[in-house]
Amino acid sequence: VLHLKYRTPSAWAQAALADVRALLVDHAFCEDKAAASARMLMKQHEKLRGPMAALAKEEDGHAQMCRKFLKERGAAAGIKYRNPYVSALRRQGLGLGSGELLDKLLVASLIEARSCERFQLLADATRGGTLGRFYEDLLAAEARHHVLFVDLASDLFGSRPAHKRLGELSALEAEIVRSLPWAPRIH
Ligand SMILES: [Fe+2]
Ligand SMILES: [Fe+2]
């Protein structure tokens, strides 16, 4: 369903949760980026305006939740941060700021899918607590976002071409995520 070609081992969650504050700082950054990407995509096509405006708002809400959890832990989100996953995608020419619109939508769909997969593992590892519930809510949202991006790509570029390209990009994404060391980060 999520079109992912690499499955993260469940042991990953322990490495990510080893430093919850660092994980939340990274997470807040990812949500900020998701909101910024949606705002950027809004301007790329008339059909994207409505759905991307709604998405940006939702991602802002996720970022606020991360900041709330950080505050409770006496920490704050960082200002600027380099995300190795996004940098690696960009090195493959898959930056959300460049390239073809089809690729941008599909890369966004894969980032949402990967986040969903990771939130599932985090939810399993933190079940019962407030963080567990947070991850539970997020994984449902990100699964929905994954589908939204695939649907928009199919709508604008045709289902067949969109799914063919999604298969190619998904293979690249799998290679990237497999090669990254585990750390207190979402990716
Ligand atoms: Fe989100
Ligand atoms: Fe999302």
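Remember, it's 1-based here, ligands and their atoms both numbered in the order they're listed.
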Partners passing ring pair (Phe, Tyr, Trp, His ring centres under 6.0 Å) against H62 (at least two apart in sequence or in another chain): none
Side chain to side chain contact (heavy atoms under 4.5 Å, CB included) against L156, all qualifying residues, sequence neighbours excluded: H45, K47, L48, L101, L105
Exceeds 12 heavy-atom contacts within 6.0 angstrom, atom CZ of R73: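 Yes, CZ of R73 has more than 12 neighbouring heavy atoms, counting only those of other groups under 6.0 Å.
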Chi angles and distances behind the side chain to side chain donor-acceptor pair (under 3.5 Å) call for Y85, E173: CA-CA 9 Å; Y85 177 66; E173 192 272 350; 2.5 Å; yes
Using atom types as modelled, flag every donor-acceptor pair under 3.5 Å from a side chain in residues 126-134 to any protein atom, sequence neighbours excluded.
{"from": "T126", "atom 1": "OG1", "to": "L122", "atom 2": "O", "distance (Å)": "2.7"}
{"from": "R127", "atom 1": "NH1", "to": "E136", "atom 2": "OE1", "distance (Å)": "3.1"}
{"from": "R127", "atom 1": "NH2", "to": "D124", "atom 2": "OD1", "distance (Å)": "2.5"}

Distance below 2.8 Å from the Fe ion (ligand 1): protein N/O/S atoms: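 As for protein N, O or S atoms lying under 2.8 Å from the Fe ion (ligand 1), they are E31 OE1, E59 OE1, H62 ND1, E142 OE2.
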Partner of R114 by side chain to side chain contact (heavy atoms under 4.5 Å, CB included), out of I186, T8, I176: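 The side chain to side chain contact (heavy atoms under 4.5 Å, CB included) with R114 is passed solely by T8 among I186, T8, I176.
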